[in-house]
Amino acid sequence: MRKVNLELGASSYEMHIGSGLLAKTGHWLKKHGFVGKLVIITNPTLKKRYGEGLKQTLDRDGFQVITLLVPEGEEQKSLETAGRLYHKLTDCHAERTTPILALGGGVIGDLAGFVAASYMRGVPLIQMPTTLLAQVDSSIGGKVAVDHGQLKNKIGAFYQPQLVIADINTLKTLPAAEIANGLAEVIKSAAIRNKKFFAFLEENIEQIKTRDNEALEEVVFQTAKIKVEVVAQDERDFGLRSILNYGHTIGHAIEAVSDFKIEHGGAVALGMLAAARISKKMGFLDKGAATRLKALIQKASLPTKMPKLNQKKLIQTMQHDKKVRQDKLRFVLLREIGDAFITDEVSPSLVAEVLANEET
Ligand code: NAD
Ligand code: GLY
């Protein structure tokens, strides 16, 4: 098992990464001083796959386990679903000390996290991520939220969990497309902060895709470490943390303009490639680095070719994104693999040029 610490003063916490960790949950909860009632929030599929086993081990450890189910899908990240969960928590007499265990991907983590942050002004939260994306990104750093109409993550909070338990074994049942989604964030993290880890990904991409335990554990550990180091310096996302948005300025626009037909991971991959071309055009990045990035993205089964989308709409969507500050587009660019910086000096015309011509 590997451990990563997120140092945030009184809100510091540990992330545990390894195989078979769900069975140890009770032991760690006791170490954190929890006794009696606890609530697992998950979806029906994950309840069957992992929730029932988790409940059994927690029962054996003397906890009184209540499982609350949320249907599948991003549309459940809503105030309505949160409202239903508040009712259920009240019905089962959850108290201020009753921990909520968020067992699932980013949807469950964000929703259950939001509920934990707001029910009775905050109850303890344990993140138990089961997708690669959730293990390397959404379970770490305390961003919890629900969507509001078309606006993603519009209503939310910074609310840190007390513990993150990432059981690598759960990734074995994840569809290949979800592994690719998570890999987009993994590649992003290596590209912005860790050249050596990027080389590891280049060498081990096949083992990762075939879910080799050792390779997956290294991937989750290294990516989590990058996120933790960034968040520890800028918890509230006023500066450095936006470096984690590499590929996301264009990526979010691609997702939205494609009517979400292009998935998040694919959109981020295309966004990273476009941002690399901008970095090259502005004289920061050499061609070799951009070529390596493209090759790795391709090997990760992520798209490298821009679909035909309305260019004007893409730029307009970027200009309305929450990453815009004082009407200027904010971009994360690369100086080299492992070294990124934030700038608002990218002109919309250069973005348009790079989107129109993938050979730039
Ligand atoms: P998801 O939670 O929708 O999970 C994807 C699918 O995989 C779902 O159908 C889920 O039921 C299934 N699944 C989950 N674990 C499984 C397993 N072990 N085996 C088989 N199937 C499994 O998607 P996601 O990509 O994990 O998360 C996306 C969400 O995360 C978005 O809402 C996004 O806004 C959010 N997010 C939040 C942050 C943050 O910092 N809070 C960061 C990135 C993304
Ligand atoms: N996913 C970006 C962040 O947590 O800030």
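Below, all heavy atoms of this structure are taken into account, side chains as well, without hydrogens, waters or symmetry copies. Computed from a prediction, not measured in an experiment: that's the story for all the values here. All residue numbers in this chain count up from 1 along the given sequence. Note that ligands are numbered from 1 as they come in the structure, with each ligand's atoms numbered from 1 the same way.
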Give yes if a backbone or side-chain nitrogen or oxygen of [X] is under 3.5 Å from a nitrogen or oxygen of ligand 1, and no if not.
| X | answer |
| --- | --- |
| Arg241 | no |
| Thr130 | yes |
| Leu46 | no |

Could you identify the single nearest non-hydrogen protein atom to [atom] and state the distance to 0.1 Å?
| atom | result |
| --- | --- |
| atom 4 (O) of ligand 1 | Thr131 CG2, 3.7 Å |
| atom 31 (C) of ligand 1 | Glu74 OE1, 3.3 Å |
| atom 3 (O) of ligand 1 | Val107 CG2, 3.3 Å |
| atom 20 (C) of ligand 1 | Thr173 O, 3.1 Å |

Practice item. Kindly state whether the ring of Phe34 and the ring of Phe63 have centres lying under 6.0 angstrom apart. Key: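 No, the ring of Phe34 stays outside the 6.0 Å limit from the ring of Phe63, centre to centre.
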Review point. Counting only heavy atoms not in Lys30, do more than 12 sit closer than 6.0 Å to its NZ atom?
Key: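 Enclosed: over 12 neighbouring heavy atoms sit under 6.0 Å from NZ of Lys30.
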Point to revise | Expected output: side-chain Lys196 to main-chain Ala190 donor-acceptor under 3.5 Å | key: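 Side chain of Lys196 to backbone of Ala190: no pair is present.
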Check your understanding: Using a 4.0 angstrom limit on heavy atoms, which residues are close to ligand 2?
Key ->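 Within the 4.0 Å shell of ligand 2, which is judged on heavy atoms, sit Asp137, Lys143, Lys227, Arg241, Leu244.
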Exercise for review: Could you list the atoms of ligand 1 found under 4.0 angstrom from a heavy atom of Lys152?
Suggested key: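 Heavy-atom distances to Lys152 below 4.0 Å select 31 (C), 32 (O), 33 (C), 34 (O).
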Practice item. Show which atoms of ligand 1 fall inside a sub-4.0 Å distance from at least one heavy-atom site of Glu72. Key: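 The list of qualifying atoms is 8 (C), 9 (O), 10 (C), 11 (O).
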**Study point:** Any protein heavy atom < 4.0 Å from atom 29 (C) of ligand 1
**Key:**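 Flag for atom 29 (C) of ligand 1 set to true, protein heavy atom closer than 4.0 Å.
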